[in-house]
Amino acid sequence: MHGSKEEIHQKIIALLESQIQQAKHDLSLAKESRDSDTKSSAGDKYETGREMMQREMDKLSASVDTYQQQLFKINNINPGKSTNFITQGSLIVTNFETYYMAIGMGQMQIASETIYVISPESPLGALLMGKRVGDTVELRGRQINIKQLI
């Protein structure tokens, strides 16, 4: 295990902050585009274009909200905290993969290692919460053995 919990935690925060900035930038560009679009003689085409642009802006705005909620959640996790059972902020080494219990982000590369960032609400996260080293959970026919908690 080359990546520490703090490294993983900071990389998640940096990624979320980057996603927030990108989504805000895209939202700003979409607003500019919508506002600069002049009404043409083909009114229906203009209205359809504005409606599509509004949908895109709504989607981007929802993305910003989601990323900000995830950032709030991750900022409330103390990566320095260590427990003998799985909780938010646990780094879990199993016989298959390594998981960081935080938010649902999926696969990340940290110091040439693959870490799966999962939320306690995910199917696997829900099974793992509260478990200890030596415990086994089953998901989709796979026996996942908890080898180490960091």
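Side-chain atoms are counted along with the backbone in the values below, which use heavy atoms only and exclude waters and symmetry mates.
At a threshold of 4.5 Å between non-hydrogen side-chain atoms, the residues Lys147 and Val133 do not count as touching. Counting heavy atoms from C-beta outward, Leu149 and Ile92 have side chains that approach closer than 4.5 Å. A heavy-atom distance below 4.5 Å is found between the side chains of Glu56 and Lys59. Counting only heavy atoms from C-beta outward, the side chains of Pro79 and Ile8 never approach each other to under 4.5 Å. Inter-residue side-chain proximity for Ser61 and Val64 is flagged as unmet; no heavy-atom pair is nearer than 4.5 Å.
Here the OG1 atom belonging to Thr98 is positioned 6.0 Å from the CD atom belonging to Glu113, to the nearest 0.5 angstrom. Of the inter-residue distances, the one linking Gln68 atom CD with Lys24 atom NZ reads 5.0 Å to the nearest 0.5 angstrom. Atom OG of Ser82 is separated from atom NZ of Lys5 by 5.5 Å, given to the nearest 0.5 angstrom. With values rounded to the nearest 0.5 angstrom, Ile118 atom CD1 is found 9.5 Å from Met129 atom CE. Put simply, CD1 on Ile103 and CD1 on Ile74 are 5.0 Å apart, with the number rounded to the nearest 0.5 Å. Taking CG from Leu29 and CE from Met57, the interatomic distance works out to 11.5 Å, rounded to the nearest 0.5 Å.
The cluster map of Ile, Leu, Val, Met, Phe, Trp and Tyr, joined by side-chain heavy atoms under 4.5 Å apart, puts Leu16 and Ile115 in the same cluster. There is a path of hydrophobic side-chain contacts, each under 4.5 Å, that joins Ile20 to Val117. Grouping the Ile, Leu, Val, Met, Phe, Trp and Tyr side chains by contacts below 4.5 angstrom, directly or via other members, places Ile13 apart from Phe72. Taken together through direct or relayed side-chain contacts under 4.5 Å among Ile, Leu, Val, Met, Phe, Trp and Tyr, Met101 and Leu124 form part of one hydrophobic cluster. Both Met108 and Ile77 belong to a single network of hydrophobic side chains, linked directly or stepwise wherever heavy atoms of I, L, V, M, F, W or Y lie under 4.5 Å apart.
The nearest pair of heavy atoms linking Glu138 to Leu127 is O-CD1, 3.4 Å. Closest non-hydrogen pair, Leu139 versus Pro123, comes out as CD1-CB, 4.3 Å. The two residues Gly130 and Phe85 have their closest heavy-atom pair at O-CB, 3.7 Å. Looking at every heavy atom in both residues, Gly104 comes nearest to Ser119 through N-CB, 3.5 Å. Closest approach of Gln88 and Pro120 over heavy atoms only: NE2-CG, 2.8 Å.
More than 12 heavy atoms of other residues, nucleotides or ligands shown are found within 6.0 angstrom of CZ on Phe96.
Under the salt bridge (Lys or Arg N to Asp or Glu O under 4.0 Å) criterion, Glu97 pairs with Arg142, not counting sequence neighbours.
Checked by atom type, the side-chain pair Gln69/Asp65 shows no donor-acceptor distance below 3.5 Å.
When atom types are taken as modelled, the side chain of Asn95 and the backbone of Gln143 share a donor-acceptor pair closer than 3.5 angstrom.
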Could you go step by step and tell me if Gln109 and Thr114 meet the side chain to side chain contact (heavy atoms under 4.5 Å, CB included) rule?
-> CA-CA 5 Å; Gln109 288 299 123; Thr114 300; 2.6 Å; yes
Does the side chain to side chain contact (heavy atoms under 4.5 Å, CB included) test come out yes or no for Arg132 and Ile146, once each step is laid out?
-> CA-CA 7 Å; Arg132 300 172 186 276; Ile146 301 161; over 6 Å; no
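Glu51 has a carboxylate O that lies under 4.0 Å from a charged side-chain N of Arg55, or vice versa, which qualifies the two as a salt bridge.
Ring planes of His9 and Tyr100: perpendicular class, angle over 60° (limits at 30 and 60°).
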